[in-house]
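Below: the structure, in structure tokens.
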6 protein chains.
Amino acid sequence: MSTELETSLPSVRQVQTLIKDGNEVELKLVTGDLLTGKVRWQDPFCICLLDHYDQPTVIWRSALVYMKPKQL
Amino acid sequence: MSTELETSLPSVRQVQTLIKDGNEVELKLVTGDLLTGKVRWQDPFCICLLDHYDQPTVIWRSALVYMKPKQL
Amino acid sequence: MSTELETSLPSVRQVQTLIKDGNEVELKLVTGDLLTGKVRWQDPFCICLLDHYDQPTVIWRSALVYMKPKQL
Amino acid sequence: MSTELETSLPSVRQVQTLIKDGNEVELKLVTGDLLTGKVRWQDPFCICLLDHYDQPTVIWRSALVYMKPKQL
Amino acid sequence: MSTELETSLPSVRQVQTLIKDGNEVELKLVTGDLLTGKVRWQDPFCICLLDHYDQPTVIWRSALVYMKPKQL
Amino acid sequence: MSTELETSLPSVRQVQTLIKDGNEVELKLVTGDLLTGKVRWQDPFCICLLDHYDQPTVIWRSALVYMKPKQL
């Protein structure tokens with residue numbers, strides 16, 4: 001994997017939009033955990049999620065399964 | 001993995017056809033989850049699925065196990 | 001992984017032979033699923049299996065565990 | 001993966017800050033294990049965690065799921 | 001991964017010796033399965049195991065956990 | 001992954017020290033197995049562990065989760 005994110009790719013852009021708009025997401029991980037929060041940043045290895053108390057969780061991309069808008 | 005999809009490959013073309021035709025698929029994931037929906041887009045890292053309410057789920061390729069036509 | 005299959009490798013040739021001969025195989029996946037069918041095609045990312053109703057299942061290579069001749 | 005860490009990436013810098021500051025973290029692993037400790041070093045393949053008895057645990061990056069500040 | 005095996009590496013040579021000597025091994029897989037048999041061939045993607053009935057099982061390297069001499 | 005180990009990396013050097021000193025380690029694997037023994041050799045794909053009967057177990061790096069000194 002390159003150490004630069006291809007901002008032209010839909011998957012990269014979608015995460016950038018989420019960071020800008022601050023909408024909440026649900027992230028399913030390989031362990032079966034389902035995390036909820038706002039995406040703060042992404043880089044080629046990780047995605048950072050902020051929970052309701054603004055605590056950051058750094059998630060490795062290799063552990064990501066899916067991401068979707070938080071169900072209201 | 002290159003950041004361009006090789007559209008000559010059967011697996012890439014098959015997903016492109018699904019996007020164009022809008023047929024529903026079942027996607028099995030490494031967590032054992034089975035998601036159902038229509039494929040909206042693909043890029044080298046992810047596949048995006050739309051559920052019955054048109055809510056998008058972005059799925060990482062590393063988490064994909066198999067894909068088949070939805071059983072009627 | 002290159003986007004061309006090295007047809008000189010035993011593992012690639014063995015799958016090619018299965019496609020040509022149409023013999024049934026059992027495929028074990030990382031989820032523990034055991035699929036049965038005939039191999040229709042392979043590319044660098046996926047293998048496609050046809051079940052008894054000729055329904056195709058596209059399986060990602062990253063999810064493959066083992067393949068063996070179907071037990072009679 | 002290159003054998004040099006890109007210190008300009010947020011995920012790499014965040015771990016460097018943790019090493020310098022000595023704050024405790026929780027590390028979730030693909031096995032479901034949750035390890036607690038201080039990060040001692042990182043390299044492109046592993047992260048080393050020190051537990052309360054200063055015993056080192058070398059963790060492979062491929063097994064990392066998420067990292068967050070230890071809950072007080 | 002290159003499409004040629006580095007025969008100078010201990011892990012590659014050890015498997016080559018097993019093929020030549022025909023000793024039985026136990027192979028643990030990511031699914032938790034423990035397979036027993038003789039190694040017939042290896043290539044950069046797979047290892048082929050023969051069971052007691054000389055039936056071949058092609059195992060993907062990504063699914064390998066450990067290999068040891070069969071306990072007598 | 002290159003087919004040469006970067007001996008300047010802490011994770012590689014730490015394993016080299018373990019080989020030289022012959023101290024026992026605990027190795028956690030993706031299957032949840034916890035193996036105990038002395039490290040005999042490493043290469044870019046595998047690590048070899050010797051148990052109390054000097055039986056070798058070849059472990060694939062992709063299956064490694066963590067390594068720590070054996071608890072006395």
Side-chain angles (χ1 to χ4, degrees), chain E residues 1-52 55-72, chain F residues 1-9 11-71:
Chain E
M1 183 183 285
S2 155
T3 54
E4 280 190 45
L5 282 170
E6 288 279 332
T7 52
S8 61
L9 296 176
S11 62
V12 175
R13 272 189 287 127
Q14 193 127 332
V15 174
Q16 287 305 118
T17 302
L18 285 164
I19 293 170
K20 205 178 59 188
D21 294 351
N23 293 329
E24 280 193 295
V25 294
E26 292 181 355
L27 270 178
K28 181 84 172 226
L29 308 181
V30 290
T31 45
D33 291 302
L34 188 70
L35 303 186
T36 306
K38 293 176 180 176
V39 186
R40 189 192 221 162
W41 53 258
Q42 64 174 329
D43 74 12
F45 301 120
C46 295
I47 281 181
C48 180
L49 210 65
L50 287 184
D51 68 15
H52 291 280
Q55 287 294 308
T57 300
V58 175
I59 303 157
W60 272 265
R61 282 181 184 266
S62 53
L64 292 171
V65 175
Y66 65 73
M67 178 179 71
K68 57 181 182 181
K70 185 168 180 295
Q71 304 300 323
L72 299 178
Chain F
M1 182 184 285
S2 154
T3 54
E4 279 190 46
L5 282 170
E6 287 280 332
T7 53
S8 61
L9 297 176
S11 62
V12 175
R13 272 189 288 128
Q14 193 126 333
V15 174
Q16 287 305 118
T17 302
L18 285 164
I19 294 169
K20 204 178 60 189
D21 295 352
N23 294 328
E24 280 193 295
V25 294
E26 292 180 354
L27 271 178
K28 180 86 172 224
L29 308 181
V30 290
T31 44
D33 291 301
L34 188 70
L35 303 187
T36 306
K38 294 176 180 177
V39 185
R40 189 191 220 162
W41 53 258
Q42 64 174 330
D43 74 12
F45 301 120
C46 295
I47 281 180
C48 180
L49 210 66
L50 287 184
D51 68 15
H52 292 280
Y53 306 101
D54 273 351
Q55 286 295 308
T57 301
V58 176
I59 303 158
W60 272 266
R61 282 180 184 266
S62 53
L64 291 171
V65 175
Y66 65 72
M67 177 180 71
K68 58 181 182 182
K70 186 168 178 296
Q71 305 299 324

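Naming convention: chains lettered A, B, ... in sequence-line order (proteins, then strands); numbering from 1 in each chain. Only this structure's heavy atoms are used, side chains among them; waters, hydrogens and symmetry mates stay out.
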Task: Worked verdict on W41(F) versus Q14(E) for side chain to side chain contact (heavy atoms under 4.5 Å, CB included) - done: CA-CA 12 Å; W41(F) 53 258; Q14(E) 193 127 332; 3.7 Å; yes

Open item on the list: For Y66(E) and L49(F): C-alpha separation, side-chain torsions, deciding distance, then whether side chain to side chain contact (heavy atoms under 4.5 Å, CB included) applies.
Closed with: CA-CA 10 Å; Y66(E) 65 73; L49(F) 210 66; over 6 Å; no

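Remark: T57(F) OG1 to E26(E) CD distance equals 9.0 Å, nearest 0.5 Å. A distance of 9.0 Å separates CD in E4(F) from CG in L9(E), rounded to the nearest 0.5 Å.
Most heavy-atom pairs under 4.5 Å with chain E, from the set L29(F), L35(F), L64(F), D33(F): that is D33(F). Between chain F and the options A63(E), P69(E), S11(E), the largest number of non-hydrogen pairs under 4.5 Å is found for S11(E). Among the candidates S8(E), S62(E), P10(E), the residue making the largest number of heavy-atom pairs closer than 4.5 Å to chain F is P10(E). Heavy-atom pairs under 4.5 Å with chain E peak, among I47(F), V58(F), D51(F), at V58(F).
Here the shortest heavy-atom pairing between P56(F) and K68(E) reads O-CB, 3.5 Å. The minimum heavy-atom distance linking V30(E) with T31(F) is given by the pair O-CG2, 3.9 Å.
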